[in-house]
Amino acid sequence: MASHFDEPVTVGRHTDPEMVGVLSGQAKEAQQLAGGIDPNQSPHPTATFFHLFFKGGAPVVYLFLSRWLPFVLVFVTCVLLLAADFWMTKNISGRLLVGLRWWNEVKEDGTNVWRFESKPPSRFVHPMDKMVFWSSLYAAPIVWGVFALQAFLSPQWLLIVCVAMVLSCANLYGYFKCEKDAKKKIISAISQRI
């Protein structure tokens, strides 16, 4: 099966394959370490923006609009933003920002199989993209966990928090396993060459 990382993806003004292939991954990384991290040089500003927009949109709506708007309107808005965040993180920003992708297949016998895809080792991952992706991925369940403590005082809001926790934890778990699998593949490839 061909890797989806070989197909070009255009988001905003950038094309994905090998970040237009100007420098190899090691040379770019050395250049970034020597010159520091410049957030304006992120190869995927559009993906980063929407990743953060959807990740932060639902907590902002929950925190601020729940005081003035009816529960149903806040619930629908939050669930739509959470679904967009889940889809964006799983299918777009994970692939573009850190070079990882996961999905779960259900076989005919009812068993689940986790599938993982990772970037080729030569593909550069910008340090700013990596930091934004992983910090927001870990922060989301923590934020919703704090909201869960508050929601016990008003149980109707607990439904939104539960949906948010399930979706954010599913993405966190999937990417955690995906990164572990990618590291295992790299170690395996290195040991085969020795």
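As a basis for the values below, the full set of heavy atoms in this structure was taken, side chains included, without hydrogen atoms, waters or symmetry mates. These numbers come from a predicted model, not from an experiment.
The side chain to side chain contact (heavy atoms under 4.5 Å, CB included) test with P43 singles out one residue from L97, L96, D129, V125, and that residue is D129.
The cluster map of Ile, Leu, Val, Met, Phe, Trp and Tyr, joined by side-chain heavy atoms under 4.5 Å apart, puts L73 and V79 in the same cluster. One hydrophobic cluster, built from ILVMFWY side chains closer than 4.5 Å, holds both F71 and V60. Under the 4.5 Å side-chain heavy-atom criterion for grouping Ile, Leu, Val, Met, Phe, Trp and Tyr, F116 is not connected to I187 through any hydrophobic cluster. The cluster map of Ile, Leu, Val, Met, Phe, Trp and Tyr, joined by side-chain heavy atoms under 4.5 Å apart, puts L65 and V146 in different clusters. Tracing side-chain contacts under 4.5 Å through hydrophobic residues (I, L, V, M, F, W, Y), one reaches V74 starting from L63; they form part of the same cluster.
Side chains of C178 and R101 form no contact here, defined as non-hydrogen atoms less than 4.5 Å apart. Residues D181 and K185 form a side-chain contact, since some pair of their non-hydrogen atoms from C-beta on lies under 4.5 Å apart. T89 is listed as a side-chain neighbour of K55, based on a closest heavy-atom distance under 4.5 Å.
The shortest heavy-atom contact between G94 and V98 is O-CG2, 3.2 Å. Nearest heavy atom pair, residue L167 against residue A83, reads CD1-N, 4.3 Å.
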**Verdict with supporting geometry, N112 and E105, side chain to side chain contact (heavy atoms under 4.5 Å, CB included)** = CA-CA 6 Å; N112 288 327; E105 292 178 356; over 6 Å; no
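Judged by the 6.0 Å and 45° rule, K90 forms a cation-pi pair with W102.
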Per-pair distances, 0.1 Å, donor-acceptor, side chain in residues 150-165, under 3.5 Å, sequence neighbours excluded:
from: S154; atom 1: OG; to: W157; atom 2: NE1; distance (Å): 3.4

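Remark: Y173 pairs with W114 by the ring pair (Phe, Tyr, Trp, His ring centres under 6.0 Å) rule, at least two apart or across chains. Looking at residues two or more places apart in sequence or on another chain, you find no ring pair (Phe, Tyr, Trp, His ring centres under 6.0 Å) involving Y138.
Taking the six-membered ring for Trp and the full ring otherwise, W87 and F54 have centroids separated by 6.0 Å or more.
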